[in-house]
Amino acid sequence: MLLATWNVNSIRAREERVRAWLREKRPDVVCLQELKCEESRFPRAAVEAEGYGVALAGQRTYNGVAILSRLPLEDVSAGLQDGEDDMQARLVAATVGGIRVLSAYAPNGESLGSEKYQYKLRWFTRLRRYLDARFTPQTPLALCGDLNVAPEPRDAHDPERWASSVLFHDDARAALKQVVGFGLLDAFRLKRDEPGLYTWWDYRAGAFHKNQGLRIDHVLVTEPLARRCASAEIDREARKGELPSDHAPVLIGISP
DNA sequence: ATGGTTGCTTAGCAA
């Protein structure tokens, strides 16, 4: 099974690009983030025409997550469902081929000391509770998405420069680590240990051309899935050309 | 280089 995650930065702006990419890569399951549209405006027919079913949690203008799958999507569930009054569409889950797949879009956090940063840190705590309440480390589970945190120094092109950023600050990394502590492994790092591999580059200042990026998009898997991870790739080609997303897709091959 | 760019929505916010 080929499992992918991609922050598309508006599915309507990226519809043709996503469609061409589905044709090229033929992933079995794709977790999308930052749809930036309500469910009624999602290009469902185009995706279905490529052979994919859709599970999605939409939201106008901001956020929005989906799971596309060529295999049946079962037990679809949206949101953290922890009773907090939270309209932000940042999580959708479905079971595909016996794997519980989560498409997650963690809050960016804006800046250190902001309300949004506090929300970001709390969101990770809530996500850990979500996992604790529903699964065990032996559940075949893949938490995929834009988690808006680079876990380690080798995941940032200039760790010192990014230390005061919400994407690499110690507290954000600790918050992600708390989620990983549930019993997750970084599928990408199981297969690729070299530095300089990123999934996001700022649109500005030619960051992509200079490879000044961060690895903030992740596929985190429990141990039974980790044993099956066979390949890992960041598709930099998808970040090139006219009007790309600012993120590149991550693709993980999972053997039967 | 506290700039730069893109998308949504309609000048300003979010990323």
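Bear in mind the structure is a predicted one, so any value in this text is a computation, not a measurement. Chain letters run A, B, ... following the sequence lines, proteins first, then strands; residues in each count from 1.
One P atom belongs to B:dA15, the other to B:dT2, and the distance between them is 22 Å to the nearest Å. With both ends at atom C1', the span from B:dA14 to B:dT9 equals 12 Å, rounded to whole Å. Look at the P atom in both B:dT10 and B:dG4: the space between them is 25 Å, to the nearest Å. For B:dG7 and B:dA11, the C1' atoms lie 14 Å apart once the distance is rounded to whole Å. For the P atom pair drawn from B:dT6 and B:dA1, the interatomic distance equals 23 Å after rounding to whole Å.
Side-chain contact of A:Gln81 with A:Ser77: a donor-acceptor pair under 3.5 Å is present, judged by distance alone. For A:Asn148 and A:Lys120, the side-chain atoms include no donor-acceptor pair closer than 3.5 Å. In this structure, a donor-acceptor pair under 3.5 Å is absent between the side chains of A:Glu34 and A:Ser10. With 3.5 Å as the limit, one finds no donor-acceptor pair spanning the side chains of A:Trp200 and A:Asp217.
One interatomic measurement links the two molecules: CH2 of A:Trp162 to P of B:dT2, which rounds to 15 Å at whole-angstrom precision.
One finds no salt bridge joining A:Asp132 and A:Arg129 here, because no Lys/Arg side-chain nitrogen approaches an Asp/Glu carboxylate oxygen to under 4.0 Å.
Listed for the A:Arg215 side chain is no donor-acceptor partner under 3.5 Å among the backbone atoms of A:Thr199.
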If a protein heavy atom is under 4.0 Å from the base, mark B; if only from the sugar-phosphate, S; if neither, -; do that for nucleotides 6-15 of chain B going 5' to 3'. SSSS----SB

